[in-house]
Amino acid sequence: MVKRRIVTSIAAALTALTAVSGMAAMAAEPTATGLVAVGPTSPSHGFPVWYRDANGLTLEQCLDGANPLCGFLPGDIPDPNRAISFPANFPEEAFWMLAGATMATRNGGSAGLTLGLEGAFANGAVVPGDQVSFGRVRIRVDNLVEGATYKVTHPYGVDTFTNVSGGVKSINFTDDVGIARNDFTGALNSRVGPFLTWDPISEAPAGFVGDPDVDHRVTGSPYGTNVFRIEGPNVGEAGSPFLCTPSSLDCIQTDLFSLMGKVATASGVTADAAYFTRTADGRSVIDVYAHTDPLDNIRVTGQGFSTTELAADPSGRYYARLDVKGPVPQTITISNLSDQPATVVTTKV
């Protein structure tokens with residue numbers, strides 16, 4: 001099984017990047033059926049509350065250090081005996097989805113695949129304002145035939161590597177897309193998506209897409225390639241359980257993945273704006289704008305006006321006009337009462 005590992009290396013990378021060592025890589029074209037939406041930013045930790053894929057599956061970051069389904073390893077959380085809190089006791093990385101697979105290669109080597117939608121910090125350390133998110137495809141393969149060409153198939157496409165090196169990390173490929181401080185839309189353009197789930201999903205723990213401690217078949221690939229396969233000269237060894245066919249050493253594969261992902265239980269809410277106006281008839285009003293999922297119960301409270309429910313359009317944009325009596329408040333509070341517990345944000349007028 002593949003345990004969760006520190007996979008972030010972005011201190012100097014604040015744009016989308018592809019890092020390849022010793023070979024050329026030709027990646028499959030991104031699919032238009034991947035991730036389709038990112039949720040409001042959480043007031044608790046500054047990352048998006050959720051990401052949603054084209055199948056309608058919405059995942060949140062798994063932030064329960066006591067729950068093994070979140071996949072945290074020793075050292076990930078500064079004080080594992082306390083609840084996760086931002087920023088004092090927050091991990092340097094947390095995932096909306098993390099999948100991995102491993103195989104043995106020739107001469108005692110190994111092959112590893114990491115697929116993830118990750119939240120981290122631009123310079124590594126947990127610093128408010130440094131939040132970034134990105135989709136990652138990482139492929140590492142040992143002990144290949146130097147100078148040869150290999151094709152790697154995985155749930156999010158096919159990558160071909162030419163003129164590879166020999167020895168450890170003959171292939172050392174990382175494709176990170178979406179890294180930009182406090183702009184979480186870039187990850188929507190990554191190859192990661194739709195989200196993977198156990199196949200069948202009914203076997204996964206309730207509220208999760210899988211169990212990271214149990215290797216399992218998965219589904220969700222937009223190409224129907226729910227495998228990790230490597231094709232090329234002598235990639236396998238005789239007797240290996242990963243050989244595609246017993247008679248060929250030129251293809252290895254596995255359909256078993258470690259998988260972590262928590263189904264979102266909250267929508268969150270973003271306070272887009274609150275504008276004060278004095279109308280022509282002398283009234284003091286505040287126009288309030290917010291967005292989240294449609295059909296949620298969004299309420300605004302504050303000094304000088306009655307508690308008010310915001311009206312929504314079908315796309316999840318919310319609005320209210322408040323009649324203010326007395327001094328105009330400097331801030332107002334917007335709450336999503338559909339979340340349990342309610343998500344609460346404060347915004348300036």
Side-chain angles (χ1 to χ4, degrees), residues 1-14 17 19 21 42 44-51 59-103 109-142 168-169 172-176 178-179 181-182 184 187 192 195-196 204-205 207-216 256-262:
M1 67 186 63
V2 180
K3 291 287 190 176
R4 175 178 171 180
R5 297 297 181 200
I6 298 295
V7 297
T8 306
S9 179
I10 55 175
L14 294 178
L17 61 91
S21 176
S42 168
S44 299
H45 50 64
F47 287 103
V49 175
W50 50 260
Y51 278 90
L59 299 185
E60 64 182 64
Q61 284 182 315
C62 203
L63 294 175
D64 183 356
N67 189 339
L69 294 175
C70 291
F72 288 108
L73 292 178
D76 286 352
I77 304 169
D79 186 348
N81 298 315
R82 294 168 46 223
I84 290 176
S85 61
F86 184 83
N89 198 44
F90 201 82
E92 292 185 359
E93 59 178 8
F95 296 85
W96 291 271
M97 188 203 78
L98 180 64
T102 59
M103 297 185 288
S110 66
L113 171 71
T114 300
L115 307 169
L117 181 61
E118 176 176 347
F121 297 86
N123 293 295
V126 178
V127 176
D130 268 6
Q131 288 92 333
V132 299
S133 67
F134 56 95
R136 166 166 288 183
V137 175
R138 170 170 283 173
I139 302 165
R140 287 175 170 167
V141 187
D142 295 338
V168 176
K169 295 182 183 178
N172 185 18
F173 171 81
T174 299
D175 182 25
D176 290 342
I179 301 172
R181 284 186 179 92
N182 295 299
F184 305 114
V192 177
F195 294 121
L196 302 180
F208 292 81
V209 299
D211 181 338
D213 290 329
V214 178
D215 286 352
H216 199 283
L256 299 180
F257 289 75
S258 167
L259 180 63
M260 191 286 298
K262 182 180 180 183

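The model shown is predicted, which means the values in this text are computed figures rather than measured ones.
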So do [Y] and [X] actually touch side chain to side chain, heavy atoms under 4.5 Å?
X: Met97; Y: Leu196; answer: yes
X: Lys169; Y: Val141; answer: no
X: Trp96; Y: Pro48; answer: yes
X: Leu98; Y: Leu259; answer: no

What heavy-atom pair brings [X] and [Y] nearest, and what distance separates the two atoms?
X: Gln61; Y: Ala94; value: NE2-O, 3.5 Å
X: Glu92; Y: Ala125; value: OE2-CA, 4.1 Å
X: Ala204; Y: Gly210; value: CB-N, 3.9 Å

Hey, what do you get for [atom1] ([X]) to [atom2] ([Y]), rounding to the nearest 0.5 Å?
X: Phe134; Y: Asp176; atom1: CZ; atom2: CG; result: 5.0 Å
X: Asp79; Y: Ile84; atom1: CG; atom2: CD1; result: 11.0 Å
X: Asp213; Y: Ser258; atom1: CG; atom2: OG; result: 7.0 Å
X: Phe47; Y: Glu60; atom1: CZ; atom2: CD; result: 14.0 Å
X: Leu113; Y: Arg138; atom1: CG; atom2: CZ; result: 11.0 Å
X: Leu117; Y: Phe95; atom1: CG; atom2: CZ; result: 9.5 Å

* Asked: Between Asp76 (side chain) and Pro91 (backbone), is there a donor-acceptor pair under 3.5 Å?
  -> no
* Where the side chain of Asn182 meets the backbone of Gly129, is there a donor-acceptor pair that is under 3.5 Å apart? -> yes
Listed by chain and number, what are the side-chain contact (heavy atoms from CB on, under 4.5 Å) partners of [X], not counting sequence neighbours?
X: Ser44; value: Ser42
X: Asn67; value: Asp64, Leu69, Cys70, Phe208
X: Pro87; value: Val126, Pro128

* Kindly write out the residues that satisfy ring-ring contact (aromatic ring centres under 6.0 Å, His included) with Phe257, not counting sequence neighbours, or none if the list is empty. => none
* Taking ring-ring contact (aromatic ring centres under 6.0 Å, His included) as the test, write out the residues that go with Phe86, two or more places apart. => Phe90
* Which residue pairs pass the side-chain hydrogen bond (donor to acceptor under 3.5 Å, both in side chains) test when at least one of the two sits in residues 126-135, sequence neighbours left out? -> Tyr51-Ser133, Asn123-Asp130, Asp130-Arg181
